[in-house]
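These notes concern the structure reproduced below.
Lettering of chains follows the sequences in order, A, B, ..., and the numbering in each one begins at 1.
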Amino acid sequence: MKTTRRYWLMKSEPSVFSIHDLARARDQVTSWDGVRNYQARNYMRAMEVGDGVLFYHSNADPPAVAGLAEVVRKAYADHTAFDPKDKHYDPKSTPDQPIWDMVEIRFVRAFKRPVPLDTLRKVPGLKGMELLRKGSRLSVQPVRAGEWKLILKLAE
DNA sequence: GCCAACGTTGGC
DNA sequence: GCCAACGTTGGC
C-alpha cells in the first residue's frame, strides 16, 4: 500500500554544491552525505523513494529555493563518517554501529526564477514553514503539501 | 565580517 | 543534571 507522497526541503550552499551541480552530476543523482544533526538525520530516515525535495540555496545571494529534486534511494549508512580524513568524520560512527545516514536525490528541475527567502516571508500561506522560523538551522526539514504547491506557483 | 541562535561537549 | 564554553549555521 502506497502512502501519499511527502515533501522536504534540503539546504545546500551553492558555492559547495548547487542545483546546477546536481543537474551535471552523473545520472543527475547525488548522495546527501555529511548531515551531522540528529533531527535532520531522522527526517532523512523518514524519506521514501519518490518524495519531493525543494533544493534550497543557503548562504547565497539571495538565499532561495532554487529548484526541485526527488528521493531515489532510502536512508543508508553515511560512510563519510568512517573516514578520518573526511571533513565530516565522526569516530562515534562505525560500520558496525553507524550513527549517520544519507539518502540519494535526483535532479528534477532548476527554477528559471528561484524563489528568494524574502519572497517566501511575504506569503501568508507559508507562515508556518520551518525555514522561516527565527533561528531555524535545520538543513533537512519537512514541507507541507500546501507549502509545496505555493512555492511551485511562485516559481512559475 | 558580524553576530544571533542553536546543538554539543565536558567539567563539576 | 546543570550550564558555560565552544563550534557551526546562515542571514544580513
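An end-to-end axis angle of 10° holds for the helix from B:dG1-C:dC12 to B:dC12-C:dG1, taken from five base pairs per end and rounded to 10°.
Judged by distance alone, the side chain of A:Arg113 and the main-chain N or O of A:Glu156 form a donor-acceptor pair under 3.5 Å.
Between A:Trp32 and A:Phe17, the ring-plane angle classifies as perpendicular under the 30° and 60° cut-offs.
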A:Ser18 vs A:Arg24, test: side-chain hydrogen bond (donor to acceptor under 3.5 Å, both in side chains). Steps then yes/no. CA-CA 10 Å; A:Ser18 73; A:Arg24 284 191 295 265; 5.0 Å; no
Given side chain to side chain contact (heavy atoms under 4.5 Å, CB included), test A:Gln39 with A:Leu138 step by step and report yes or no. CA-CA 8 Å; A:Gln39 203 177 346; A:Leu138 254 189; 3.8 Å; yes
Could you please spell out the steps behind the side chain to side chain contact (heavy atoms under 4.5 Å, CB included) verdict for A:Phe111 and A:Ile19? CA-CA 9 Å; A:Phe111 291 154; A:Ile19 185 83; over 6 Å; no
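If you take NZ of A:Lys11 and C1' of C:dT9, they are 8 Å apart, rounded to a whole angstrom. Protein atom CG of A:Leu131 is 15 Å distant from nucleotide atom C1' of B:dA5, rounded to whole Å. One interatomic measurement links the two molecules: CG of A:Asp61 to P of C:dG11, which rounds to 11 Å at whole-angstrom precision. We find that CZ of A:Phe17 is positioned 17 Å from P of C:dG10, with the value rounded to whole Å. Here C:dT8 presents its C1' atom at 11 Å from CG of A:Asn37, a figure rounded to the nearest Å. Atom NZ of A:Lys87 is separated from atom C1' of C:dT9 by 11 Å (rounded to the nearest Å). Look at CG on A:Asn59: it is 17 Å from P on B:dC3, rounded to the nearest Å. The nearest whole Å value for the distance from the OH atom in A:Tyr56 to the P atom in C:dT9 is 15 Å.
A:Asp78 and A:Thr80 share a side-chain donor-acceptor pair at under 3.5 Å.
At a non-hydrogen distance threshold of 4.0 Å, A:Arg133, A:Lys134, A:Gly135, A:Arg137 from residues 133-141 of chain A come into contact with DNA chain B. Within a heavy-atom distance below 4.0 Å of DNA chain C, no residue of residues 39-46 of chain A is found.
Linking ILVMFWY residues whenever their side-chain heavy atoms come closer than 4.5 Å, directly or via other members, places A:Leu152 and A:Leu9 in the same cluster.
For A:Trp100 and A:Tyr76, the gap between ring centers reaches or exceeds 6.0 Å.
The neighbour count for A:Lys87 NZ, taken as heavy atoms of other residues, nucleotides or ligands under 6.0 Å away, does not exceed 12.
Side-chain nitrogen and oxygen atoms of A:Lys92 include at least one within less than 4.0 Å of the OP1 or OP2 phosphate oxygen of B:dT9.
Just one residue in the list A:Arg45, A:Lys74, A:Arg36 forms a salt bridge (Lys or Arg N to Asp or Glu O under 4.0 Å) with A:Asp101, and that residue is A:Arg45.
The closest side-chain heavy-atom distance from A:Val53 to A:Leu68 is not below 4.5 Å.
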